[in-house]
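Since the structure is predicted, the reported quantities are computational estimates derived from the model, not experimental observations.
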Amino acid sequence: MRFIRYQKDDAQPQYGWILSENERSLVGPVEGTPFGEFRRLEADLPLESISLLAPTQPSKVICVGRNYVAHAQEHHSEVPKAPLIILKPLSSLLGPEQAIVLPPQSKQVEHEAELVAVIGKRGRWISAEDALDYVMGYTIGNDVTARDLQRSDGQWTRAKGFDTSCPVGPWFETAFDPADAMITCYVNGEMRQMASTRDMVFNVRQLIAFISSVMTLEAGDLIFTGTPAGVGPLTPGDVVEVTIEGLGVLRNPVVSATLR
């Protein structure tokens with residue numbers, strides 16, 4: 001099942017679900033939350049009539065660095081012996097079709113296409129064997145990164161923390177196998193990244209076990225599982241599309257910042 005967060009005109013944002021039939025997608029509201037008790041209401045809104053938002057309201061967004069060997073190599077970095085985790089602020093979250101705003105502090109902002117695990121229930125010290133029991137579903141993410149600031153700062157909070165640097169969506173899918181799915185990233189129709197999730201250094205089970213040994217995971221939390229090789233620059237006017245087979249397409253335009 002595909003769950004979304006959406007907004008219709010000026011109404012309050014809410015959770016919904018998607019019914020796909022006869023090559024048409026309809027949206028129905030969800031009473032409650034997908035992470036607790038909920039009821040699906042009739043799907044009668046055309047998907048194109050609503051605005052999609054980031055599909056959850058997480059307490060935190062955790063990213064994993066250098067989780068593909070080829071990506072570590074393209075930056076002349078070693079593959080970590082344990083998962084390298086980073087937090088992105090909630091203020092960086094961005095929905096589908098919303099604009100990535102390039103920060104004026106950086107001259108080299110890059111895309112990073114990623115599979116994202118959506119945590120379904122609270123957990124701490126989760127074993128790798130039990131890890132997938134804590135996953136509600138999966139979605140698509142783009143860990144937009146100011147590469148020059150990442151290099152100069154030595155730690156990555158500023159480079160990965162700008163507003164609009166965390167596009168995610170368009171929905172999360174509960175029936176998805178993360179073991180061997182193809183991730184691709186296109187900028188203006190030109191392919192930049194392509195790899196399978198089977199190439200991860202640490203798989204989803206291992207990542208959840210490691211991260212939950214550090215911090216409590218809450219329902220709705222997002223785990224970005226790392227990006228393959230091929231990351232590259234974004235410039236104003238670009239359109240970046242991240243596709244994962246079985247999950248759809250996350251599309252965002254790119255604009256320059258307007259200083260106030």
Side-chain angles (χ1 to χ4, degrees), residues 1-61 90-100 113-123 132-142 164 166-179 181-184 197 204 208 217-225 239-253:
M1 184 181 300
R2 287 180 170 177
F3 286 103
I4 59 173
R5 283 186 70 247
Y6 72 96
Q7 189 169 22
K8 173 69 173 172
D9 300 324
D10 295 326
Q12 288 295 312
Q14 65 183 109
Y15 282 104
W17 66 287
I18 294 180
L19 172 67
S20 296
E21 58 180 10
N22 299 324
E23 299 183 357
R24 189 175 181 219
S25 294
L26 297 173
V27 171
V30 167
E31 272 189 359
T33 164
F35 304 100
E37 293 187 1
F38 69 90
R39 184 163 68 99
R40 289 184 295 163
L41 304 183
E42 182 182 359
D44 56 5
L45 287 173
L47 181 60
E48 58 271 16
S49 72
I50 55 102
S51 297
L52 290 170
L53 308 173
T56 75
Q57 294 176 290
S59 73
K60 51 190 166 294
V61 178
L90 300 185
S91 54
S92 67
L93 282 167
L94 190 70
E97 302 294 340
Q98 296 176 336
I100 298 167
E114 309 202 14
L115 174 69
V116 180
V118 178
I119 298 300
K121 60 183 178 180
R122 194 171 197 262
L132 297 188
D133 294 338
Y134 289 79
V135 176
M136 180 74 176
Y138 296 87
T139 187
I140 303 170
N142 186 353
T164 77
C166 190
V168 62
W171 40 68
F172 69 87
E173 171 66 68
T174 60
F176 178 80
D177 184 355
M182 190 63 67
I183 303 173
T184 56
T197 55
V204 173
I208 290 173
L217 294 174
E218 303 285 357
D221 283 353
L222 301 175
I223 298 178
F224 280 58
T225 58
V239 175
V240 56
E241 294 174 302
V242 181
T243 300
I244 299 181
E245 57 180 341
L247 293 181
V249 181
L250 172 64
R251 180 182 183 275
N252 297 93

*What heavy-atom pair brings Pro96 and Pro170 nearest, and what distance separates the two atoms?*
CG-CA, 3.5 Å
*Could you walk me through whether Arg2 and Ile4 pass the side-chain contact (heavy atoms from CB on, under 4.5 Å) check?*
CA-CA 7 Å; Arg2 287 180 170 177; Ile4 59 173; 5.7 Å; no
_If I take atom CG from residue Asp133 and atom CD1 from residue Ile208, how far apart are they, to the nearest 0.5 angstrom?_
9.5 Å
*Return yes if some donor-acceptor pair links the side-chain N/O of Asp177 with the main-chain N/O of Ala179 below 3.5 Å, else return no.*
yes
_Residue list, ring-ring contact (aromatic ring centres under 6.0 Å, His included) with Tyr138, at least two apart or on another chain_ = Phe176
*asked:* So which atom in Leu115 and which in Ile183 form the shortest heavy-atom distance, rounded to 0.1 Å?
replied: N-CD1, 4.0 Å
*Would you find a donor on one side and an acceptor on the other, under 3.5 Å apart, between the side chain of Thr174 and the backbone of Met1?*
yes
_From CD (Gln57) to CG (Leu93), nearest 0.5 Å_ = 10.0 Å
*Of all residues at least two apart in sequence or in a different chain, which pass the ring-ring contact (aromatic ring centres under 6.0 Å, His included) check with Tyr15?*
none
*asked:* For a quick test of reading the model, state the closest non-hydrogen atom pair linking Thr225 to Glu114 and the distance between them.
replied: N-OE1, 3.5 Å
*For Asn252 and Glu97, work out which heavy atoms get closest and say how close.*
ND2-N, 3.7 Å
_Test side-chain contact (heavy atoms from CB on, under 4.5 Å) on Trp17 and Phe38; report intermediate values, then the result._
CA-CA 11 Å; Trp17 66 287; Phe38 69 90; over 6 Å; no
*Should Leu222 and Val118 count as side-chain neighbours, where that means a heavy-atom distance under 4.5 Å?*
yes
*Taking side chain as C-beta onward, heavy atoms only, is Leu90 less than 4.5 Å from Val61?*
yes
*Gap between atom CG of Leu217 and atom CD1 of Ile119 - 0.5 Å precision*: 5.0 Å
*To the nearest 0.5 Å, what is the distance between CD1 (Ile140) and CD (Glu241)?*
10.5 Å
*Nearest 0.5 Å please: distance from the CZ atom of Arg5 over to the CZ atom of Phe172.*
11.0 Å
*What closest approach, in Å, do Val204 and Pro178 show between heavy atoms, and which atom pair accounts for it?*
CG2-CB, 4.1 Å
*Which is it for Phe224 and Val116 under the side-chain contact (heavy atoms from CB on, under 4.5 Å) test, yes or no, and what are the steps along the way?*
CA-CA 4 Å; Phe224 280 58; Val116 180; 3.8 Å; yes
*For the residue pair Thr56 and Val168, establish whether any side-chain heavy-atom pair is separated by less than 4.5 Å.*
no
_Distance in Å, Thr164 OG1 paired with Gln98 CD, rounded so as to fall on 0.5 Å steps_ = 9.5 Å
*Give the minimum heavy-atom separation between Ala113 and Val242, together with the two atoms involved.*
CB-CG1, 3.5 Å
_salt bridge (Lys or Arg N to Asp or Glu O under 4.0 Å) contacts in which one or both residues fall within residues 38-61, not counting sequence neighbours_ = Glu31-Arg39, Lys60-Asp221
*Are any side-chain N or O atoms of Gln14 and backbone N or O atoms of Tyr6, one a donor and one an acceptor, separated by less than 3.5 Å?*
no
